[in-house]
Amino acid sequence: ARAESSSEKIYAVERLDLNVLALEVVQDLFPRALVKHIDFGLEAAEEALIIDGNPVLLRELVKNLVDNAIKYTPVGGQVTVRTLGTEFAILEVEDSGIGIPEGDREMVFERFYRVLGSGEDGSGLGLPIVQEIAELHRARVTLNPNPAGQGTLAQAVFPRSLQPRTGEGETLDDVTPSE
C-alpha cells in the first residue's frame, strides 16, 4: 500500500547512502538469522553509495530481499548482503537457500505468486513490492542462481545521485526523467 500511495510524504526524496541502509537492515534482521544459525554478514563498499530515494520505501525493498534470503535459507546456511559501487549503486543479497527455479524467476514478481514446494508460508507479495519500489526509484531487480553454488543472488541496481539535493519538497516525480 505504501508503494502505491499517492501521498506526498511517502514519495518524499532524500539523498541516502545505500551502505547505511543495508547496515541498518542487517542489524535489524540479525536476530532472525541467529535463530537459524545462519552465517549472516554485510560486505559494504568502501565508498559512499549515494542514491536519491524515499527512505521508508527503500528500507522496505532491502528488508524484503534480506528477509526472503533468511526465510528460504536452511539452518546453518549462509546469507551475505553486499553493496558495490560502479557507475551504479548495487545491492546484492546472496544466500545458500533453496533457490528459485528458472521458470519461476520472473513469475515471483507477480502478486500472490508462490513457488510450489518451498515449505514456507507467505502471501506472495514481498517480491512484487520490491519490484514496484525499484521501479519508483528507476532501479532494476534481478534474481539469479547463486554463482557460488546452491541458492539465489538477488541484485538491485540503482542510479547514483548525480547532484546535491535539498530534499525539501521534492518527490520521486521530480527526479524521474520524463519520457
Side-chain angles (χ1 to χ4, degrees), residues 1-33 40 42-71 79-95 105-106 108-113 122-144 152-179:
R2 280 191 292 249
E4 291 180 340
S5 171
S6 62
S7 164
E8 290 280 324
K9 184 176 180 183
I10 293 299
Y11 291 112
V13 172
E14 296 178 21
R15 293 184 77 221
L16 305 164
D17 186 343
L18 188 58
N19 290 320
V20 172
L21 189 60
L23 175 61
E24 290 170 355
V25 170
V26 166
Q27 289 172 333
D28 287 350
L29 294 179
F30 182 77
R32 291 204 50 226
F40 184 51
L42 172 67
E43 297 173 1
E46 292 184 18
E47 63 184 298
L49 299 177
I50 306 301
I51 60 175
D52 294 315
N54 179 275
V56 173
L57 295 177
L58 288 171
R59 182 177 178 76
E60 188 71 21
L61 180 149
V62 176
K63 182 180 176 197
N64 279 344
L65 289 177
V66 176
D67 187 59
N68 274 355
I70 293 169
K71 181 186 226 179
V79 173
T80 303
V81 178
R82 183 179 302 113
T83 57
L84 306 163
T86 64
E87 64 186 288
F88 300 99
I90 302 169
L91 171 78
E92 292 184 342
V93 181
E94 180 180 320
D95 68 62
R105 283 191 210 126
E106 289 302 316
V108 296
F109 290 113
E110 293 183 17
R111 290 179 182 195
F112 307 111
Y113 184 83
S123 64
L125 291 174
L127 290 173
I129 289 169
V130 165
Q131 182 78 349
E132 194 159 335
I133 293 170
E135 288 172 1
L136 284 170
H137 290 84
R138 301 180 326 262
R140 184 182 75 246
V141 177
T142 58
L143 302 170
N144 291 296
T152 301
L153 176 65
Q155 188 179 70
V157 180
F158 297 90
R160 287 188 176 212
S161 180
L162 297 177
Q163 56 189 336
R165 297 194 184 277
T166 65
E168 295 297 318
E170 293 179 327
T171 68
L172 285 176
D173 291 334
D174 296 329
V175 296
T176 303
S178 57
E179 313 234 353

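For the single chain, residues carry numbers from 1 onward in sequence order. Side-chain atoms are counted along with the backbone in the values below, which use heavy atoms only and exclude waters and symmetry mates.
- Closest approach of V130 and L61 over heavy atoms only: O-CD1, 3.6 Å.
- Atom CZ of F88 is separated from atom CZ of R140 by 7.0 Å, given to the nearest 0.5 angstrom.
- Closest of all the heavy-atom pairs between I50 and R15 is CG2-NH2, 3.2 Å.
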Would I51 and L58 count as a side chain to side chain contact (heavy atoms under 4.5 Å, CB included) here? Give the steps.
CA-CA 10 Å; I51 60 175; L58 288 171; 3.8 Å; yes

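- Atom OG1 of T80 sits about 5.5 Å away from atom CD of E94, to the nearest 0.5 Å.
- For the pair L91/V62, a side-chain contact is recorded, criterion being any heavy-atom separation below 4.5 Å from C-beta on.
- Heavy atoms only, all atoms of each residue included: N54 and V56 are closest at OD1-N, 3.0 Å.
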Chi angles and distances behind the side chain to side chain contact (heavy atoms under 4.5 Å, CB included) call for E43, T83
CA-CA 6 Å; E43 297 173 1; T83 57; over 6 Å; no

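- Judged as a salt bridge (Lys or Arg N to Asp or Glu O under 4.0 Å), and not counting sequence neighbours, the contacts of E47 are R160.
- Side-chain contact check for R82 versus I90: every heavy-atom pair is 4.5 Å or farther apart.
- The two residues F40 and V81 have their closest heavy-atom pair at CE1-CG2, 4.2 Å.
- Closest non-hydrogen pair, L49 versus L84, comes out as CD1-O, 3.5 Å.
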Would F158 and L16 satisfy side chain to side chain contact (heavy atoms under 4.5 Å, CB included), going step by step from the backbone distance to the final call?
CA-CA 12 Å; F158 297 90; L16 305 164; over 6 Å; no

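- To the nearest 0.5 angstrom, I70 atom CD1 is 10.5 Å from K63 atom NZ.
- Q131 CD to N64 CG: the interatomic distance, rounded to the nearest 0.5 Å, is 12.5 Å.
- Under the 3.5 Å distance criterion, the side-chain polar atoms of D95 are matched with a main-chain donor or acceptor of T152.
- Residues passing the side chain to side chain donor-acceptor pair (under 3.5 Å) test with D17, sequence neighbours excluded: N19.
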